[in-house]
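Here's the structure, in structure tokens; my notes come after.
Positions are given from 1, in the same order as the sequence printed here.
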Amino acid sequence: MAFSSVLADADIAKALDGCKDAGTFDHKKFFHACGLSGKSSDDVKKAFGIIDQDKSGFIEEEELKLFLQTFKAGARALNDAETKAFLKAGDTDGDGKIGADEFAALVKK
């Protein structure tokens with residue numbers, strides 16, 4: 001499943017453009033710019049399923065590093081600092097990964 005079923009391509013492009021340089025990714029700005037923060041809980045669950053590439057039921061650190069690439073092939077990978085900050089913001093139970101409920105809360109923050 002692609003994000004085009006959940007988000008408009010133009011909104012995805014705008015969000016990616018806002019963090020194309022290393023060190024500029026901010027999950028709150030990104031979720032707002034792409035429109036995900038205003039979507040229904042079902043759409044947020046669909047987005048989680050796309051980002052959870054190994055279908056483990058969690059978004060692990062390696063999947064977070066490639067987060068932008070799940071929105072568009074060829075987008076940059078997040079650097080280590082961005083990945084760790086993203087994980088810290090979303091991992092509320094401290095298990096080192098982001099579950100579906102944690103992701104939904106992170107998107108809506």
> Are Leu66 and Leu106 grouped together when hydrophobic residues (ILVMFWY) are joined by side-chain heavy atoms under 4.5 angstrom apart?
Replying inline: no
>> Please report the interatomic distance CD(Glu62) to CG(Asp54), rounded to the nearest 0.5 Å.
In response: 10.5 Å
>> Can a donor-acceptor pair be found, under 3.5 Å and without considering hydrogens, that links the side chain of Glu61 to the backbone of Leu87?
In response: no
>> Could you check whether any side-chain N or O of Asp26 sits under 3.5 Å from a backbone N or O of Lys29, counting only pairs where one atom can act as donor and the other as acceptor?
In response: yes
> Do you know the tightest heavy-atom contact between Asn79 and Gly23?
Replying inline: ND2-N, 3.4 Å
>> Below 30° counts as parallel, above 60° as perpendicular, anything between as tilted: where do the rings of Phe67 and Phe30 land?
In response: perpendicular
>> Show, in sequence, the C-alpha distance, side-chain angles and deciding distance for Lys39 and Leu7, and conclude whether the side chain to side chain contact (heavy atoms under 4.5 Å, CB included) test is met.
In response: CA-CA 9 Å; Lys39 293 292 183 179; Leu7 302 170; 3.8 Å; yes
> Any Lys/Arg nitrogen of Glu82 or Lys65 sitting under 4.0 Å from an Asp/Glu carboxylate oxygen of the other?
Replying inline: no
> Under 4.5 Å between side-chain heavy atoms, hopping through other hydrophobics if needed: is there a path connecting Leu16 to Ile50?
Replying inline: yes
> In a check of side chain to side chain contact (heavy atoms under 4.5 Å, CB included) between Leu64 and each of Ile59, Asp91, Thr70, which one passes?
Replying inline: Ile59
>> With a 3.5 Å distance limit and no angle check, can you tell me whether Asp101 reaches the backbone of Ala105 through a side-chain donor-acceptor pair?
In response: no
> Does Lys14 come within less than 4.0 Å of Asp17, counting only side-chain N to carboxylate O?
Replying inline: no
>> side chain to side chain contact (heavy atoms under 4.5 Å, CB included), that's the test. Do Lys108 and Val44 meet it? Break it down for me.
In response: CA-CA 9 Å; Lys108 299 294 184 179; Val44 172; 4.2 Å; yes
>> For a side-chain hydrogen bond (donor to acceptor under 3.5 Å, both in side chains) check, start with the C-alpha distance between Ser40 and Asp42, then their side-chain angles and the critical distance, and finish with the verdict.
In response: CA-CA 5 Å; Ser40 70; Asp42 281 348; 5.3 Å; no
>> Starting from Phe58, can I reach Ile51 by hopping between I/L/V/M/F/W/Y residues whose side chains sit under 4.5 Å apart?
In response: no
> Under 3.5 Å, is there a donor-acceptor pair between the side chain of Lys46 and the main chain of Ser5?
Replying inline: no
> Which pairs, with at least one residue in residues 33-57 and sequence neighbours excluded, count as a ring pair (Phe, Tyr, Trp, His ring centres under 6.0 Å)?
Replying inline: Phe48-Phe103
>> Test your reading of the model: is there a side-chain donor-acceptor pair from Arg76 to the backbone of Asp21, 3.5 Å cut-off?
In response: yes
> Considering all heavy atoms of both residues, which atom of Glu63 and which atom of Gln53 are nearest to each other, and what is their separation?
Replying inline: OE2-N, 2.9 Å
>> Measuring from atom NZ of Lys72 to atom CD1 of Ile12, what distance do you get when rounded to the nearest 0.5 angstrom?
In response: 10.0 Å
> Got a sec: does the NZ of Lys88 have more than 12 other heavy atoms crowding it under 6.0 Å?
Replying inline: no
> Is the backbone of Ser56 close enough, under 3.5 Å, to the side chain of Asp52 for a donor and an acceptor to pair up by distance?
Replying inline: yes
>> Looking at Lys97, is its backbone amide N or carbonyl O close enough to the side chain of Glu60 to form a donor-acceptor pair, meaning the two atoms are under 3.5 Å apart?
In response: no
